[in-house]
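Here the structure comes first, spelled out in structure tokens, and everything after it is commentary.
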Amino acid sequence: MRPAPPLNPSAAPPSRAARLLNPCRVLFLRLGVLPFMLLIACVVFSTLSEQFLSGHNLTNLLRQSVYLILVALGQMLALVTGGFDLSVGTVMAITSVVSALVMQSLGVALPDAAWLVIAAGCACGLLAGLALGLLNGMGVALVGVSPFIMTLGVQSIGFGVALFLTGGVPVSGLPGEFSELFGFGSWLGVPVPVLVTAVCVVGMGVLMRRLPIGTHLLAVGGNAKAAALSGIDTRRVLLVAYLLCSALAAISGLLLTARVETGEANLGSSVALESIAACVIAGVSLRGGIGRVSNVVLGAIFIGLVQNGMNLANVGSYLQMVVLGALLIVAVVADQIRHRMVLPG
């Protein structure tokens, strides 16, 4: 055995500050900036409002966050492949408008078949949302268009179609059972939107950790050329990513339509920025190849927490946009710092 090297008596022990900072550094490298932002937000908003940490407010926060959680999970799929989807808000809007128009029309023709009307409306809305996702996937995967240009163009197309179908007027006359169940209903004391979101979260967790497609998504985002050389069909993976992204956004659009009880063309107008912010804050790399479902759920809850806290503190909606943009910039800068710390070369 080689003798142990002699102790260096001149080596100073680590300072107290270094001992405190080292766990923070490890936490930052593993989970990103999210834990620190959550802690700061809780301290700030609990100081500004006594109602912030109340059980009633936290329950409302969870109920309000489910729509963003679903969209952020879909956005994560696009981000881990090295792209992103700017059309998620339009998918929500077109799903809302198409489902509401179908329910409105069939409700007049079949007044005694409410659940048949609801099923047909939901199916048509989901198909309309998936059509936009298919368009995104074909453009990015098959034609090779930049995700920024493709999803931005689809966003404009979908928004224009939604406005054309409604004339800019909300679509009303939906069956009452639709809102009673999917908007305000509960099962075993748990709101139905929360249950639907929980099922989607579990499904996404299984997809990313247990199914081959999850590994393929991360591989394509990490190095598309290496993934192709290893036998992965990168086009199919990209197509699936954008289809699932739109499917989750469409489900969110249906739930939000049930909540507001109308179909609206401006539904989800700011959700693209919010979903990207939630993912980046949650540690999803903008370079692709890195993303965890549990972190994204916490990131979406954090965005809802900040909005909820600002509402309780009577911060205006315009200033809330400023704060959200600032949070996105901070998260991107933190992602750059984290990347350099992991790969200093």
Side-chain angles (χ1 to χ4, degrees), residues 16-17 19-73 75-76 183-184 186 189-195 197-198 201 252 255-256 259-260 268-284 292-335 337-338:
R16 179 178 297 180
R19 291 196 300 269
L20 291 175
L21 288 175
N22 189 55
C24 294
R25 181 178 181 276
V26 173
L27 186 64
F28 175 68
L29 290 176
R30 289 187 177 181
L31 301 179
V33 74
L34 178 59
F36 305 97
M37 284 190 165
L38 275 172
L39 179 61
I40 294 171
C42 288
V43 171
V44 170
F45 292 125
S46 60
T47 304
L48 294 176
S49 174
E50 297 179 355
Q51 302 176 358
F52 179 71
L53 293 179
S54 65
H56 178 70
N57 184 59
L58 293 177
T59 301
N60 286 336
L61 169 64
L62 181 61
R63 184 177 297 156
Q64 294 165 2
S65 299
V66 295
Y67 313 107
L68 180 57
I69 289 173
L70 289 169
V71 180
L73 287 174
Q75 190 71 253
M76 181 195 73
F184 304 95
S186 61
V190 181
V192 170
V194 175
L195 289 174
T197 303
V201 169
S252 179
L255 294 177
L256 194 53
R259 184 74 177 179
V260 300
S269 56
S270 63
V271 77
L273 173 62
E274 293 172 0
S275 62
I276 293 174
C279 289
V280 175
I281 290 171
V284 180
R292 297 181 62 182
V293 172
S294 57
N295 288 5
V296 170
V297 172
L298 288 177
I301 291 176
F302 169 76
I303 296 295
L305 180 147
V306 171
Q307 293 174 333
N308 177 268
M310 288 191 293
N311 287 333
L312 292 177
N314 295 320
V315 177
S317 58
Y318 300 138
L319 286 179
Q320 290 189 23
M321 296 173 63
V322 174
V323 172
L324 183 60
L327 287 175
L328 178 59
I329 294 174
V330 169
V332 172
V333 171
D335 178 66
I337 295 172
R338 183 185 178 202

Listed once per pair and sorted, the side-chain hydrogen bond (donor to acceptor under 3.5 Å, both in side chains) pairs that draw on residues 36-49, sequence neighbours left out: none
Residue pairs passing the side-chain hydrogen bond (donor to acceptor under 3.5 Å, both in side chains) test where at least one lies in residues 55-72, sequence neighbours excluded: His56-Asn60, Asn57-Asn308
Residue list, side-chain hydrogen bond (donor to acceptor under 3.5 Å, both in side chains) with Ser270, at least two apart or on another chain: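 By the side-chain hydrogen bond (donor to acceptor under 3.5 Å, both in side chains) rule, Ser270 matches Glu274.
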For Gln320, side-chain hydrogen bond (donor to acceptor under 3.5 Å, both in side chains) partners two or more places apart: Asn311
At their closest point, which heavy atom of [X] faces which heavy atom of [Y], and how far apart are they?
{"X": "Leu73", "Y": "Val293", "value": "CD2-CG1, 3.8 Å"}
{"X": "Ala272", "Y": "Ser275", "value": "O-OG, 2.9 Å"}
{"X": "Val296", "Y": "Cys279", "value": "CG1-SG, 4.2 Å"}
{"X": "Leu305", "Y": "Leu61", "value": "N-CD1, 3.4 Å"}
{"X": "Gly299", "Y": "Leu34", "value": "N-CD2, 3.9 Å"}
{"X": "Leu328", "Y": "Ala277", "value": "CD1-CA, 3.6 Å"}

pair [X]-[Y]: side-chain heavy atoms closer than 4.5 Å:
{"X": "Leu48", "Y": "Leu312", "answer": "no"}
{"X": "Val306", "Y": "Leu324", "answer": "no"}
{"X": "Thr197", "Y": "Val201", "answer": "yes"}

To the nearest 0.5 Å, tell me how far [X] [atom1] sits from [Y] [atom2].
{"X": "Leu298", "Y": "Ile69", "atom1": "CG", "atom2": "CD1", "result": "8.5 Å"}
{"X": "Phe302", "Y": "Asn295", "atom1": "CZ", "atom2": "CG", "result": "13.5 Å"}
{"X": "Leu38", "Y": "Ile301", "atom1": "CG", "atom2": "CD1", "result": "8.5 Å"}
{"X": "Leu68", "Y": "Gln307", "atom1": "CG", "atom2": "CD", "result": "7.5 Å"}
{"X": "Ile303", "Y": "Ile276", "atom1": "CD1", "atom2": "CD1", "result": "11.5 Å"}
{"X": "Leu195", "Y": "Ser186", "atom1": "CG", "atom2": "OG", "result": "8.5 Å"}

Partner residues of Val330 under the side-chain contact (heavy atoms from CB on, under 4.5 Å) criterion, sequence neighbours left out: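 Scan of Val330 (side-chain contact (heavy atoms from CB on, under 4.5 Å), adjacent residues dropped) gives Met37.
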Residues forming a side-chain contact (heavy atoms from CB on, under 4.5 Å) with Val192, sequence neighbours excluded: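 For Val192 the side-chain contact (heavy atoms from CB on, under 4.5 Å) partners, ignoring immediate neighbours, are Leu181, Phe182, Val196.
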